[in-house]
2 protein chains.
Amino acid sequence: MERSPAQHLPDKTEPAPKQRIQDEIRRDIIFGVLPSGSRVTEAALASKYGISRVPVREALRALEMEGFVESKPYAGSTVAAIPFDEAEDLFAVREALEAVIARRAARRAAAQFAAGRPDDGWWGIRKEIAQILHDGDEAVAADLQERLPELNIRFHLAIAELGSSTSLTALLRQIARKIEWLYAADVKSRGKHSWSEHWAIMAAIDAGNADDAGTLMAAHVNESRVGYVSRFRSEDSDSPAG
Amino acid sequence: MERSPAQHLPDKTEPAPKQRIQDEIRRDIIFGVLPSGSRVTEAALASKYGISRVPVREALRALEMEGFVESKPYAGSTVAAIPFDEAEDLFAVREALEAVIARRAARRAAAQFAAGRPDDGWWGIRKEIAQILHDGDEAVAADLQERLPELNIRFHLAIAELGSSTSLTALLRQIARKIEWLYAADVKSRGKHSWSEHWAIMAAIDAGNADDAGTLMAAHVNESRVGYVSRFRSEDSDSPAG
DNA sequence: ACAACAAGATTTGTATACAATCATCATTCG
DNA sequence: CGAATGATGATTGTATACAAATCTTGTTGT
């Protein structure tokens with residue numbers, strides 16, 4: 001068939017203009033380049049990225065559903081804001097969600113090995129996780145902790161994919177990006193949130209131990225939450241993503 | 001100015017073509033008019049609803065993010081399917097999510113009353129909930145239980161809005177629609193899932209009792225889950241939304 | 001008969017043009 | 001002088017046209 005060379009490398013060559021600018025805008029929002037409340041017009045973004053208004057429009061709509069921008073009909077779009085008091089609630093929901101995800105991943109791992117050999121899709125994700133864990137260890141050893149947030153999100157999302165539940169993966173993606181937004185408001189907050197715990201979680205999943213996986217994951221997320229609130233609690237109710 | 005008569009009645013006259021067909025398509029998916037796996041092309045939907053491809057396109061993208069359709073670049077969109085084994089996980093996440101939401105609503109209610117008089121936005125939602133509760137009681141009394149699912153979703157979403165957390169509301173909307181999809185697969189499943197419990201939850205929120213509100217809500221969702229699994233457990237692993 | 005291959009058709013992705021609506025500001029009337 | 005009002009500009013919503021990519025189908029060679 002002689003497929004296109006960009007088959008399983010959708011992020012290297014040209015990841016489709018729409019997705020590209022969507023990630024770009026979200027990144028600018030998360031890292032404060034586009035502050036909360038600022039207006040984002042389709043025409044301005046279109047000319048900025050050298051493309052038409054249609055892809056920009058779709059990207060804005062997607063970001064609206066993700067909660068990063070708010071738009072009213074015929075009135076335009078503005079960058080949203082996360083009130084500070086939502087942070088703890090988001091962490092609480094994430095803890096429950098990730099516990100369910102970890103349990104599911106463990107159950108599926110056990111089922112895969114019980115049925116003989118796991119299928120290729122499972123192994124593909126499993127190998128990606130191994131790579132992520134390795135890269136994280138390397139980053140910790142080299143004191144390049146600014147790489148950890150990205151690797152951290154990728155790890156958690158990969159665990160979700162290992163459970164092969166598109167619904168739960170989508171939910172986690174939504175929550176994780178919001179929490180990343182809250183974190184990014186403080187530049188010096190990007191420490192190693194106990195990267196080593198990831199290994200234990202992965203081991204429990206590999207062993208097919210759903211209870212341990214869920215418990216470890218919940219504790220892991222909870223520790224992340226404690227780290228967050230202890231850092232921001234002193235700054236009163238100032239909006240971190242504003 | 002002589003405003004358009006469709007000012008605060010966005011659902012009666014012409015609720016914007018895009019939103020309209022988006023809801024229409026989702027409804028057709030939820031109730032099986034568009035079965036899982038069937039192809040949905042932009043051109044067909046455009047001609048069906050007598051509009052252009054652009055609004056159809058945006059609606060499909062939104063539904064893709066909601067998880068109702070899957071689409072690959074240049075390949076088209078197909079109606080998605082919820083594997084049966086995701087149902088219990090969705091209920092588990094929803095239980096945790098709604099408990100957090102109820103607690104938040106109770107905290108906010110207490111704060112509103114503590115600060116003198118609640119603002120108009122809060123009262124608007126509160127009055128809407130009163131109406132929903134009333135309509136639900138009427139439907140139960142008149143044995144018109146087919147109206148309860150819609151009222152049920154509206155109640156739970158209104159509680160989320162009472163807590164004024166856009167993030168949590170968006171998450172609940174995503175989960176609730178998925179669960180509605182699972183429910184709708186069985187036509188005779190639309191019973192009164194203990195509507196009276198809603199009154200107790202609302203009372204706890206009004207009293208500002210976060211612990212009670214969260215506990216009652218969790219129990220309420222859990223009961224719904226039990227009702228679901230007891231109904232579908234016998235049908236083995238048949239995909240209910242397929 | 002079957003597989004590899006290529007051309008046509010179908011469908012999505014993008015660009016441009018136009019219509020509908022809202023925000024702003026000058027104007028005018030009380 | 002203030003507030004309602006009407007015109008103007010800016011921005012989004014929609015429609016149409018074209019380009020890019022994929023899927024299907026017919027063909028051909030073994």
Side-chain angles (χ1 to χ4, degrees), chain A residues 1-25 29 34 37-66 68-80, chain B residues 1-25 29 34 37-66 68-80:
Chain A
M1 188 68 85
E2 200 45 43
R3 292 291 259 264
S4 166
Q7 175 63 18
H8 51 294
L9 296 168
D11 292 326
K12 279 297 183 63
T13 54
E14 284 289 339
K18 191 200 71 177
Q19 188 68 28
R20 189 177 64 86
I21 72 157
Q22 181 176 333
D23 294 340
E24 188 82 11
I25 297 174
I29 292 177
L34 293 173
S38 57
R39 284 183 59 84
V40 279
T41 67
E42 299 176 359
L45 293 171
S47 68
K48 176 179 177 181
Y49 293 103
I51 57 176
S52 174
R53 259 184 54 211
V54 178
V56 172
R57 188 180 174 74
E58 298 200 1
L60 281 179
R61 283 293 139 73
L63 291 172
E64 182 185 3
M65 296 199 66
E66 292 178 5
F68 287 101
V69 304
E70 296 174 346
S71 50
K72 291 193 298 185
Y74 291 102
S77 304
T78 59
V79 177
Chain B
M1 187 71 86
E2 198 43 45
R3 292 290 261 266
S4 167
Q7 176 61 17
H8 52 295
L9 296 167
D11 292 327
K12 280 295 184 60
T13 53
E14 285 289 337
K18 190 200 72 176
Q19 189 67 30
R20 190 177 63 86
I21 73 157
Q22 179 176 335
D23 294 340
E24 188 83 11
I25 298 174
I29 292 176
L34 293 174
S38 57
R39 284 183 61 84
V40 279
T41 67
E42 299 176 359
L45 293 171
S47 68
K48 175 179 178 181
Y49 293 102
I51 57 178
S52 176
R53 260 184 53 209
V54 178
V56 172
R57 188 181 174 73
E58 297 201 2
L60 281 179
R61 281 294 139 73
L63 291 172
E64 181 184 3
M65 294 199 66
E66 292 178 5
F68 286 101
V69 304
E70 296 174 347
S71 50
K72 291 193 300 183
Y74 291 102
S77 303
T78 60
V79 177

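Naming: A, B, ... by sequence-line order, numbering from 1 per chain.
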Rounded to whole Å, CD of Gln19(B) lies from C1' of dT12(D) at a distance of 16 Å

Closest of dT14(D), dT14(C), dT11(D) to the Pro55(A) side chain is dT14(C)

Here the distance between atom C1' of dA19(D) and atom CD1 of Ile51(A), to the nearest Å, is 16 Å

In whole angstroms, the gap separating P of dT14(C) from CD of Glu58(A) amounts to 7 Å

Minimal heavy-atom distance between Tyr49(B) and Arg20(B), with the atoms involved, is O-NH2, 4.2 Å

Rounded to the nearest 0.5 angstrom, the OG1-CZ distance for Thr41(A) and Arg53(A) is 9.5 Å

Closest non-hydrogen contact found for Ser47(B) with Ala44(B) is OG-O, 3.0 Å

* **Side-chain touch Leu34(A)/Val69(A), heavy atoms, less than 4.5 angstrom** => no

Nearest-nucleotide check on DNA chain D, Val54(A) vs Tyr74(A); residue mapping nearer the 5' end is Tyr74(A)

Lys72(A) NZ to dA20(C) P, in whole Å, measures 22 Å

note: Glu70(B), atom CD; dT12(C), atom P; distance rounded to Å ~ 15 Å

Side-chain contact check for Ala75(B): nearest option of dC23(D), dT12(D), dT12(C) is dC23(D)

Checking dT12(D), dA15(D), dT14(C) against the side chain of Glu42(A) (C-beta onward), the nearest is dT12(D)

Taken to the nearest whole Å, CG/Leu45(B) to C1'/dT12(C) is 13 Å

Value for CD1 (Ile21(A)) from NZ (Lys48(A)), rounded to nearest 0.5 Å, stands at 10.0 Å

_Contact under 4.0 Å: Arg20(A) side-chain N or O vs dG13(C) OP1/OP2_ = no

Rounded to whole Å, the CD1-P distance (Ile21(B) to dG13(D)) equals 14 Å

Are OP1 or OP2 of dG13(C) and a side-chain N or O of Arg57(B) less than 4.0 angstrom apart? yes

Assign each of Pro73(A) and Arg61(B) the nucleotide of DNA chain C bearing its closest heavy atom; nearer the 5' end lies the nucleotide of Arg61(B)

For a quick test of reading the model: is some side-chain N or O of Arg53(B) closer than 4.0 Å to OP1 or OP2 of dG13(D)?
no

Identify the pairs formed between an N or O of the protein and an N or O of nucleotides 7-9 of chain C at a distance under 3.5 Å, and give each distance.
none

Rounded to whole Å, OH of Tyr49(A) lies from P of dG13(C) at a distance of 21 Å

Under a plain distance cut-off of 3.5 Å, with no hydrogens placed, do Ser71(A) and Glu64(A) share a side-chain donor-acceptor pair?
yes

Note to self: Is the shortest side-chain heavy-atom distance between Arg61(A) and Met65(B) below 4.5 Å?
What the structure shows: no

